[in-house]
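Encoded as structure tokens, the structure appears first; notes follow it.
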Number of protein chains: 2
Amino acid sequence: MNVTLRQLRAFLAVHQEGSFTKAAETLHITQSALSSIIKELENNLELGLFDRSTRKLETSEAGRNILPAVIRMLDEMDTLTNEVKGLKELDYGKVRIAVAQQLASVELPRIISMYNTMYPQVEVSMIDCGVEKIQDIVSSGEADIGIGPERKLQTSLSKRLIFSQPFHLATLPSHPIAQGGRIRWKDIASLELITLRGTFTDLLIENLMRDSADYIIKPKHQVNFMSTALSMVKNGLGVTLCLPYAFESVKQNELVMVPICDPIIYRNFYLYSSKNREKLPAVQKFIDVYLKHMHFDRALE
Amino acid sequence: MNVTLRQLRAFLAVHQEGSFTKAAETLHITQSALSSIIKELENNLELGLFDRSTRKLETSEAGRNILPAVIRMLDEMDTLTNEVKGLKELDYGKVRIAVAQQLASVELPRIISMYNTMYPQVEVSMIDCGVEKIQDIVSSGEADIGIGPERKLQTSLSKRLIFSQPFHLATLPSHPIAQGGRIRWKDIASLELITLRGTFTDLLIENLMRDSADYIIKPKHQVNFMSTALSMVKNGLGVTLCLPYAFESVKQNELVMVPICDPIIYRNFYLYSSKNREKLPAVQKFIDVYLKHMHFDRALE
DNA sequence: AACATTCATAAGTTTAACCCATATATATAT
DNA sequence: ATATATATATGGGTTAAACTTATGAATGTT
């Protein structure tokens, strides 16, 4: 017994039109074709669905009995196609974003809000996490995309540059270097430097030329979180390296940022996503919106 | 967009097996065929359903999204086929019987009860009505079958003889003719006869030979209901014609039935059903049971 | 680096779906 | 009764779809 949707649709059409000929027209097939489709359905079900002569047609008792199930069936199909349409038209779906905790409060809330207005049916959730967890969360499927600084790329993921920011020095406004407008890497050697433990600093050392790296390689203090570093700076314990995206935090601590030059070193931020997994339209669209409305400058790769 | 059940079944199989190759085996098609079925489904939906390489396969976000709808859909199909199976296996359906009120209390309750035991899921309902309404009720579709005495057959109906009964005379046990064991038509002429108005008597007149008919053509009383006639007989107002199926009523009135001979005239009872409408298996089976377990003798057509 | 496994693709064949023409049946009109 | 118009059924031939076999391409494993 292999009942097809085509057969069910034909059955319903004949029932509704009360005629093979008319039903064939609405189905845009010949009466002959319809005749054999119904015949086939009746053979499949081993049940007569219409009491018909050449002059009269009515749906049989058995036909009336299965009618509700047939209608449910075809409705279910409509539901499915609507759902698919929804997925494609972005009034349905989910976007889950893993983002470095430091970045979570900066641009994303504004953009998520904007996206929500454009596609109110799409649910957007943000997973703020440690920088080092971003790739894991994306590759495990917990998040659709991840946003964070450059890191060694896992093989299952692909990355896309979203913005680059030059390193700054955060310092008390009263400090002499706050007056110069900018500072050179080699000048940092003479300051009491507070650095972050881990990849943030390690990567920078790799980026810097050998001699420049020396200037930061022996800091006065090493801490784990940027918030701690800024707090220490505020209390006169030294200066720390930071990036423009942390502007709000810096301001809240009543500090200023001074760009570091010679050379200008950029820290890249990427959008991570799974190489294999196909993105939902809702997700793809979120990426588009994010890239378009992000205020940070994008810079060299 | 023409999504087929085959495609959905293929989708589900691949999701469940986590592999095209294995799913193809369970579907009893080649991997190649399955590959193109899925491809076609994805084209139809314009949506990637699996993230696949040659070494890894997982259901995509979009695939997981439509999965519940697909399962509902296929479940609905199962429901339909089960319903059809039920219709055929007689654990589902309805039997509606139009029956002459006089017959309703005689054999049918016993047979309906028996049928209920055999097919408990089938709902049997009896419409007891006037004899003249039986054919109308069947041809209008209110009832599946009708049971009643011979009448002019409507063109949309077909009839089938179920039993025949010879005419009797109902009389007080004290009456002289009650002693004889039987009576001839021409002997009726000398009695005070009570007849029923309408077809019951008219048909009899047609059945009788011309001269015999004269004996009943001028009755002493004419009434509309058999119950009235019997009541009158009980009160000594005369005798009346009746048939064996009314045995219970006759007994309740403390009367006896005397067969009428010379000639023995039979009244035929038929089962009426629609010529065009296909009978539900439940209905067809009821007819079989009825004919088999009916106690009345069947006689000549 | 070679291999085994898995999905995709191409070519050819079988199956089924469809249209056209025509037969058959029946309600309505003559 | 008979003819007519209208509706479904059927048979033949064509087109399109579905399937199988064979092969190719990609990738994790040894």
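Between Gln31(A) and Ser53(A), the residue whose closest nucleotide on DNA chain C is further toward the 5' end is Gln31(A).
When the side-chain nitrogen and oxygen atoms of Arg52(B) are compared with OP1 and OP2 of dA8(C), one or more of them lie within a distance under 4.0 Å. In this model, the phosphate group of dC19(D) is approached by a side-chain N or O of Arg6(B) to a distance below 4.0 Å at OP1 or OP2. In this structure, Lys39(B) does not reach the dC7(C) phosphate: none of its side-chain N or O atoms is under 4.0 Å from OP1 or OP2. At the phosphate of dT20(D), OP1 or OP2 sits under 4.0 Å from a side-chain N or O atom of Thr30(B).
The distance from atom NE2 of His28(A) to atom P of dA17(C) is 20 Å, rounded to the nearest whole Å. Rounded to an integer number of Å, the gap from Ile37(A) CD1 to dT10(D) P is 15 Å. Rounded to an integer number of Å, the gap from Ile38(A) CD1 to dA7(D) P is 17 Å. Distance CZ (Phe20(B)) to C1' (dT9(C)): 13 Å, rounded to an integer number of Å. Regarding Phe50(B), its CZ atom lies at a distance of 10 Å from the P atom of dA8(C), rounded to whole Å. Atom NZ of Lys22(B) is separated from atom P of dT5(C) by 12 Å (rounded to the nearest Å). In this structure, CD1 of Ile29(B) is placed 14 Å from C1' of dA17(D), rounded to the nearest angstrom. Between the CD atom of Glu58(B) and the C1' atom of dC7(C) there is a distance of 15 Å, given to the nearest Å.
You'll find the ring centres of Tyr119(A) and Phe286(A) outside the 6.0 Å limit.
The pair Glu61(A)-Lys279(B) does not count as a salt bridge, with every side-chain nitrogen at least 4.0 angstrom from each carboxylate oxygen.
Checking dA21(C) for Watson-Crick or G-U wobble geometry (two distances, each under 3.5 Å) identifies dT10(D) as its partner. Pair check for dA29(C) finds dT2(D); Watson-Crick or G-U wobble, both atom distances under 3.5 Å.
For Arg55(B) against dT5(C), a side-chain N or O and a base N or O form a donor-acceptor pair under 3.5 Å. A donor-acceptor contact under 3.5 angstrom links the side-chain atoms of Ser32(A) to the base of dC20(C).
When heavy atoms are screened at a 4.0 angstrom cut-off, Glu40(A) is found touching the sugar-phosphate backbone but no base atom. Note on Ser35(B): a base of the nucleic acid sits closer than 4.0 angstrom, heavy atoms only. Within the nucleic acid shown, Lys56(A) has no heavy atom closer than 4.0 Å to any nucleic acid atom. Counting non-hydrogen atoms under 4.0 angstrom, Ser19(A) reaches the backbone sugars and phosphates but no base. In this structure, Thr21(B) reaches the sugar-phosphate backbone alone: every heavy-atom distance under 4.0 Å involves primed, P, OP1 or OP2 atoms, never a base. Residue Ala33(B) is in base contact, counting any heavy-atom pair closer than 4.0 Å across all strands shown.
Residues Ser139(B) and Gln154(B) bring a donor and an acceptor atom of their side chains to less than 3.5 Å of each other.
Taking every side-chain heavy atom of Leu57(A) into account, dT8(D) is the closest of dT21(D), dT8(D), dA21(C).
A cation-pi geometry, defined here as NZ or CZ lying under 6.0 Å from the six-membered ring centre and within 45° of its normal, does not hold between Lys159(B) and Tyr272(B).
At least one side-chain heavy atom of Ile137(A) sits under 4.5 Å from a side-chain heavy atom of Cys129(A).
The backbone N or O of Gly141(A) sits less than 3.5 Å from a side-chain atom of Arg96(A), completing a donor-acceptor pair.
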